[in-house]
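Heads up, the thing below is written out as structure tokens.
All residue numbers in this chain count up from 1 along the given sequence.
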Amino acid sequence: MHTTNKSTSSRTLRRFLATAAIGLGLGAASTSFALPPDGGCDGRARGDWSAEHGGHGSPLRELGRLHDELKLDAKQEALWKDAEQATRDARKDSRERLREEHEKTLAALDQPNADLRAIFKAHDETHADIAKRHEASRERWFAFYDSLNPNQREKARLFLRKMIDHAGHAAPDRR
């Protein structure tokens with residue numbers, strides 16, 4: 001007769017849930033730089049981006065400054081607006097999908113004998129769909145970037161480097 005050790009089983013489940021929570025947290029943190037800090041799923045502000053990043057303006061304000069510095073022609077302006085709209089749409093869709101997934105996950109976990117495989121399979125599918133949407137909007141930005149002349153590309157490169165530095169994602173010192 002085989003008996004299940006409840007202590008071992010409970011410990012394994014706790015480890016699994018802790019690992020899943022850490023994975024979800026890292027996934028959320030990795031996307032936070034790509035999203036302007038005007039609020040989370042519940043619409044609350046996530047802090048003062050300017051104060052947290054050396055007094056610099058919000059990413060959207062900084063992006064507006066880059067836009068002005070680039071002095072775009074009509075074709076470039078159309079590509080900029082297209083990429084900007086795709087990004088807004090992807091962000092809005094992501095917030096809605098993540099909120100829905102969060103609610104479904106909680107409801108599923110509230111059920112006795114919840115099927116964790118099914119729960120996390122749905123989680124993975126949602127995140128894969130969101131990633132595809134963000135990749136599509138990124139491709140629009142690449143199309144915009146491809147339309148820039150060398151001087152404009154250099155300004156865009158320096159802008160991106162500055163934004164990443166201020167977000168705390170700077171590469172290690174290269175001495």
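Across all non-hydrogen atoms, the minimal contact from Ala86 to Arg140 is CB-NH1, 3.2 Å. What you find for His134 and Ser137 is that their closest heavy atoms are O-OG, 2.9 Å.
For Leu72, the side-chain contact (heavy atoms from CB on, under 4.5 Å) partners two or more places apart in sequence, or in a different chain, are His67, Leu70, Gln76, Glu77, Trp80, Phe144, Leu148, Gln152. Partners of Glu135 according to the side-chain contact (heavy atoms from CB on, under 4.5 Å) rule, which considers only residues two or more places apart in sequence or in another chain, are Ala131, Arg138.
In the hydrophobic cluster analysis, where Ile, Leu, Val, Met, Phe, Trp and Tyr join through side-chain heavy atoms closer than 4.5 angstrom, Phe120 is grouped together with Leu109.
For the pair Ile119 and Lys104, the minimum side-chain heavy-atom distance is 4.5 Å or more. Proximity of Asp129 to Arg133: side-chain heavy atoms (C-beta onward) are nowhere separated by under 4.5 Å.
Listed by first and then second residue, the ring-ring contact (aromatic ring centres under 6.0 Å, His included) pairs that reach into residues 97-117 come to none, sequence neighbours excluded.
If you take OH on Tyr145 and CG on Leu160, they are separated by 9.5 Å, rounding to the nearest 0.5 Å. The CD atom of Glu84 sits 11.0 Å away from atom CG of Asp89, with the distance rounded to the nearest 0.5 Å. In this structure, NE2 on His123 lies 8.5 Å from CG on Leu98, to the nearest 0.5 angstrom. In this structure, CD on Glu69 lies 6.0 Å from CG on Leu66, to the nearest 0.5 angstrom.
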Point to revise | Pair Arg153-Asp146, side-chain contact (heavy atoms from CB on, under 4.5 Å): steps then yes or no | key: CA-CA 8 Å; Arg153 284 184 183 202; Asp146 291 344; 4.0 Å; yes
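Each of Arg97, Glu101, Glu125 was scored for a side chain to side chain contact (heavy atoms under 4.5 Å, CB included) with Ile130, with one residue passing: Arg97.
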